[in-house]
K.L.:
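Below you'll find the structure I mean.
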Amino acid sequence: MTDFRHAQAVTTIDSREVAEALARGAVQARLAACAQVSGPIRSTYRWEGAVETAEEWQITLKTTTDRYPALAEYLRAHHGYETPEIILLPILAGDPAYLAWITTETAG
């Protein structure tokens, strides 16, 4: 990883209820400072040789790079997909008070 300290983790799931449960669980466990559930969205992807389209909900989780491994493990353990999307996008800059809040809220 580079020297950035804050990031957004993103995943998608096929149920609003599961998306909200994943978001709440990650925040309660201090793996993310906050999580937003967006959707429904339409996803088009190739799976097992066929092009599929599905309705999904996207979860964006604000975290630190130190907490990302535990967050990714949590998402894999509680996610219903065989191969879930779990990606990390760096926050290259942001309001210093907000970034400090993320750090504080994800401290174990």
K.L.:
Does a donor on one side chain and an acceptor on the other come within less than 3.5 Å for Q36 and T60?
P.N.:
no
K.L.:
Donor-acceptor pairs are to be reported for all side-chain atoms of residues 90-107 against protein atoms at under 3.5 Å, with residues two or more places apart or in another chain.
P.N.:
| residue | atom | partner | partner atom | Å |
| --- | --- | --- | --- | --- |
| D95 | OD2 | A97 | N | 3.1 |
| D95 | OD2 | Y98 | N | 3.1 |
| T103 | OG1 | H6 | NE2 | 2.7 |
| T103 | OG1 | L99 | O | 3.2 |
| T104 | OG1 | A100 | O | 3.1 |
| E105 | OE1 | R30 | NH1 | 3.3 |
| T106 | OG1 | I102 | O | 2.8 |
| T106 | OG1 | T103 | O | 3.4 |

K.L.:
Please say yes or no: joined through hydrophobic side-chain contacts below 4.5 Å, possibly via intermediate residues, are I86 and Y81 part of one cluster?
P.N.:
yes
K.L.:
Is there a side-chain contact between V10 and I59 in this structure, where contact means two heavy atoms from C-beta onward sitting under 4.5 Å apart?
P.N.:
no
K.L.:
Please give me the minimum heavy-atom distance between A26 and L61, naming the atom from each residue.
P.N.:
CB-CD2, 3.6 Å
K.L.:
With heavy-atom distances below 4.5 Å as the criterion, would you say the side chains of T53 and Y45 are in contact?
P.N.:
no
K.L.:
Is there side-chain contact between T44 and E52, with heavy atoms separated by less than 4.5 Å?
P.N.:
no
K.L.:
Within the 4.5 Å heavy-atom criterion, are Y68 and E73 side-chain neighbours or not?
P.N.:
no
K.L.:
Is any side-chain heavy atom of I87 closer than 4.5 Å to one of E85?
P.N.:
yes
K.L.:
Going through the distances and angles, do S43 and E56 end up as a side-chain hydrogen bond (donor to acceptor under 3.5 Å, both in side chains)?
P.N.:
CA-CA 7 Å; S43 295; E56 296 183 300; 2.5 Å; yes
K.L.:
A side-chain contact here means heavy atoms from C-beta on lying under 4.5 Å apart; do H79 and L22 qualify?
P.N.:
yes
K.L.:
Quick one: closest heavy-atom pair of R67 and A29, and the distance?
P.N.:
NH2-O, 3.5 Å
